Amino acid sequence: MREPVNTAEPIAQNLIKLISNVCFSVFVFAVLIITVIAITYQPPDPWLQSAPALTTLFTQVENATFKDDSSVLKTGEDFILPPAAAPSSVSFPITEAVIATFEKNLTSNSTFSPSVCAEDLNVVNCSDPRVLIAIERFNLKLFKSIVFLEYATPVNGSKPNQCDVAWKFRNRKEKSWRKYRDFRRFRIGLGDDCAYKVIGASGWHSGANARRPKPRFNAAATRNPKVLAPFRDSEINDTIPTISTDAAFRRGRYLYYSRGGDYCKGMNHYMWSFLCALGEARYLNRTFVMDLSVCLASQYNPSGKDEEGKDFRFYFDFEHLKEEASIVEEREFLRDWKRWDKTHKRKISVRKVASYKTTPMQLKKDRSTIIWRHFDAPEPDNYWYRVCEGQAANNIQRPWRALWKSKRVMNIVSEISGKLDWDFDAVHVVRGEKAQNKELWPHLDADTSPEAVVSKLQGVVQPWRNLYIATNEPFYNYFDKLRSQYKVHLLDDYKELWGNTSDWYNETTALNGGRPVNFDGYMRAEVDTEVFIRGKTRVETFYNLTSDCKDGINTC
């Protein structure tokens, strides 16, 4: 008689195998998904957040335009970005170790002795290297926030025991490698160890004998744009690059954006769109055709009107941009294009792109000499930054490192900070339209009143400290009540730095074809932002002075 078959065991085994197979399949599928993500992932823009999040944070699309916060204006040198190769001209910092090594090498030379007590100090020999060593050590102890890069040989001051010396430096809070210049007067004496020591120093730009000769500005240039004096900071090279030959023009590959709805919008909008265009040009390995004409939005203009025809170089560092990105100026480009068409039967190949919806990825393999993007649609579809939205956000990286503030503007920042001996605190007070809009910022006006600001600063900023107030408040005397507690400094206290006898005035006038340039609201905001960043103690409007949200009610 046949025994009954036990089917329980095979069923259990099959069930276990089925579950194992399912789990293994899920595991394989998960590994596949992770692998795809790892391959296709692109790092976010190196400015705090990813591109889509920045668009949300940085912009509020209302009536097809940006809602700018124009009170704080940050560019590439204000952020911690991925490391970049510095130019070969960048100097290494002068530290105590560097000074000690130089001193050791100096004393090993029999020409010099560490002791100068036996020498006649009625007249200091300022060219003696031991004098420079004393000045370098004095500066390192006094100016902790400065990186010293180069020193010139000291020269005689106005008195026998005085020496004037110039140096180049950079503030520690600036992420760029640009150099700034100071020259001061020092009184030299002897220490107990019979070595030179600094017994006193004058303020910013006091060492007049160490200042490099200034070229004289040709006044005729202001009457005749064709007569321009060669007056400029020798470390600024913002000349316009040219294409040398027709053959070089033909070999080039260009990305050309027509003017879109971004024109005459706020500067934050302009930067967001401009860097999108630069990012696409870099992705396509093309030279970007750049319009140097900038429209200053009404919010930065005292007249309350948009102002066209402003030069990009008034606001941004064109020399640095040329080093970081492949660009050609629009007028030069169009001139070369027109000349080619006149002298050659074979026309330049042009790919016209009518919509931002044609993605950079679709243009990657295009071999046309010129890719010409048109932005003729109604707002907001005619904004340049739309090109970098959607799938393109994973491929286009905005080159924030390429966009720095103008060196001429930054020279003013350094002068203000230097006049305060780099030892000051700062408060940022936002008023203007936001303080008047009680619906979005119900407490801002009261929280930024002079009485409220004094109350909030007590215990945060020590009495009688130098206090720089970065603000868009138009009335100069608004903060007078703070003067009983602090040494108050406002931007308008330094008007001579852009007045008609200043370096900035002469250089921008020459750059502008002999026509004087107004120091406009955007330049003021740039300077306020950078001086504020350099304060030792910094107090912000939002989250420090007021509980209101930066972008309006319920947006914190």
Side-chain angles (χ1 to χ4, degrees), residues 58-75 259-274 291-316 378-380 382-384 405-406 408-409 412 428-441 444-445 448-449 469-479 490-495 497-500 504-505 508-509 511-512 515-532 541-542 548 550-552:
F58 207 12
T59 70
Q60 293 287 340
V61 181
E62 290 184 2
N63 299 325
T65 187
F66 274 82
K67 183 176 180 181
D68 274 336
D69 175 18
S70 59
S71 58
V72 176
L73 304 169
K74 293 186 177 183
T75 44
R259 190 172 289 176
D262 315 83
Y263 200 63
C264 293
K265 294 295 189 293
M267 278 294 191
N268 283 340
H269 186 149
Y270 172 81
M271 288 191 292
W272 192 238
S273 288
F274 175 68
D291 181 6
L292 284 179
S293 177
V294 175
C295 178
L296 185 71
S298 58
Q299 67 198 82
Y300 306 112
N301 201 339
S303 69
K305 298 179 180 179
D306 296 337
E307 184 178 355
E308 299 187 41
K310 306 287 279 190
D311 196 306
F312 176 91
R313 295 168 290 179
F314 295 163
Y315 308 101
F316 302 104
E379 296 187 12
N382 60 354
Y383 291 163
W384 287 8
K405 293 181 178 69
S406 161
R408 296 184 179 90
V409 170
I412 293 177
H428 178 216
V429 184
V430 175
R431 290 190 53 77
E433 292 182 3
K434 286 189 176 181
Q436 298 171 14
N437 189 333
K438 299 294 195 297
E439 183 178 346
L440 292 180
W441 297 277
L444 181 60
D445 187 27
T448 56
S449 67
I469 302 177
T471 183
N472 59 349
E473 170 57 51
F475 299 107
Y476 176 81
N477 298 113
Y478 182 80
F479 297 101
L490 296 162
L491 182 57
D492 280 337
D493 292 329
Y494 301 94
K495 285 182 177 180
L497 300 182
W498 61 85
N500 59 11
W504 180 89
Y505 178 90
T508 54
T509 298
L511 185 66
N512 199 38
R515 299 180 301 276
V517 177
N518 291 327
F519 194 75
D520 57 51
Y522 185 75
M523 297 169 186
R524 294 176 66 91
E526 283 186 304
V527 173
D528 262 352
T529 295
E530 292 296 330
V531 176
F532 173 78
T541 297
F542 299 101
D548 283 351
K550 183 177 180 180
D551 297 319

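Only a predicted model underlies this, so the values are computations on that prediction, with no experimental measurement involved.
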Legend entry - Closest heavy-atom pair and its distance - C295, D306: SG-CB, 4.0 Å

Legend entry - From CZ (F479) to OG1 (T448), nearest 0.5 Å: 7.0 Å

Legend entry - Side-chain heavy-atom pair S293, Y263 within 4.5 angstrom cut-off: yes

Inset, instruction - Check the pair M267, V294 against side-chain contact (heavy atoms from CB on, under 4.5 Å), reporting the backbone distance first and the verdict last. - result: CA-CA 10 Å; M267 278 294 191; V294 175; 3.7 Å; yes

Inset, instruction - Grab the two heavy atoms, one from T541 and one from L444, that are nearest each other, plus how far apart they are. - result: CG2-CD1, 3.6 Å

Legend entry - Euclidean distance, L440 CG relative to E433 CD, rounded to 0.5 Å: 11.5 Å

Legend entry - Step-by-step side-chain contact (heavy atoms from CB on, under 4.5 Å) determination, V527 to V409: CA-CA 7 Å; V527 173; V409 170; 3.7 Å; yes

Inset, instruction - Side-chain contact test, heavy atoms from C-beta onward, threshold under 4.5 Å: evaluate it for V517 versus R408 and give yes or no. - result: no

Inset, instruction - Side-chain contact test, heavy atoms from C-beta onward, threshold under 4.5 Å: evaluate it for K310 versus D520 and give yes or no. - result: yes

Inset, instruction - Go through the steps for R259 and D291 under the test side-chain contact (heavy atoms from CB on, under 4.5 Å), then give the verdict. - result: CA-CA 9 Å; R259 190 172 289 176; D291 181 6; 2.7 Å; yes

Legend entry - salt bridge (Lys or Arg N to Asp or Glu O under 4.0 Å) assessment of K438 paired with D548: CA-CA 10 Å; K438 299 294 195 297; D548 283 351; over 6 Å; no

Legend entry - Smallest separation among heavy atoms of G304 and S298, with atom names: O-CB, 3.2 Å

Legend entry - Close side-chain approach of F542 to K434, heavy-atom, < 4.5 Å: yes

Legend entry - Spacing of CG belonging to D445 relative to CG belonging to N437, to within rounding of 0.5 Å: 11.0 Å

Legend entry - Minimum side-chain heavy-atom gap D262-W272 below 4.5 Å: no

Legend entry - Nearest heavy-atom neighbours spanning G552 and W441: N-NE1, 3.3 Å

Legend entry - Check: L511 and R313 side chains under 4.5 Å, non-hydrogen atoms: yes

Legend entry - Euclidean distance, I412 CD1 relative to E526 CD, rounded to 0.5 Å: 9.5 Å

Legend entry - Heavy-atom donor-acceptor pair, T508 side chain to Y505 backbone, under 3.5 Å: yes

Inset, instruction - Identify which one of Q299, H428, R431 satisfies the side-chain contact (heavy atoms from CB on, under 4.5 Å) criterion when paired with N472. - result: R431

Inset, instruction - Assert yes or no for the condition that the ring centre distance of F274 to F312 is strictly below 6.0 Å. - result: yes

Inset, instruction - State, to 0.1 Å, how close C264 and E308 come at their nearest heavy-atom pair, and which atoms those are. - result: SG-CG, 4.3 Å

Inset, instruction - Can you spot which of Y270, F519, Y522 makes a ring-ring contact (aromatic ring centres under 6.0 Å, His included) with Y315? - result: Y522

Legend entry - Interatomic distance, D492 atom CG to I469 atom CD1 [nearest 0.5 angstrom]: 12.0 Å

Inset, instruction - Measure from the side-chain N and O atoms of N301 to the backbone N and O of K305, and report whether any donor-acceptor pair falls under 3.5 Å. - result: yes

Inset, instruction - Kindly indicate whether the side chain of M271, heavy atoms from C-beta on, has any atom under 4.5 Å from the side chain of N268. - result: yes

Inset, instruction - Would you mind reporting whether T471 and Y478 have side-chain heavy atoms less than 4.5 Å apart? - result: no

Legend entry - Verdict with reasoning, E307 to Y300, per side-chain contact (heavy atoms from CB on, under 4.5 Å): CA-CA 9 Å; E307 184 178 355; Y300 306 112; over 6 Å; no

Legend entry - Distance-minimising heavy-atom pair for M523 and F314: CE-CB, 3.7 Å

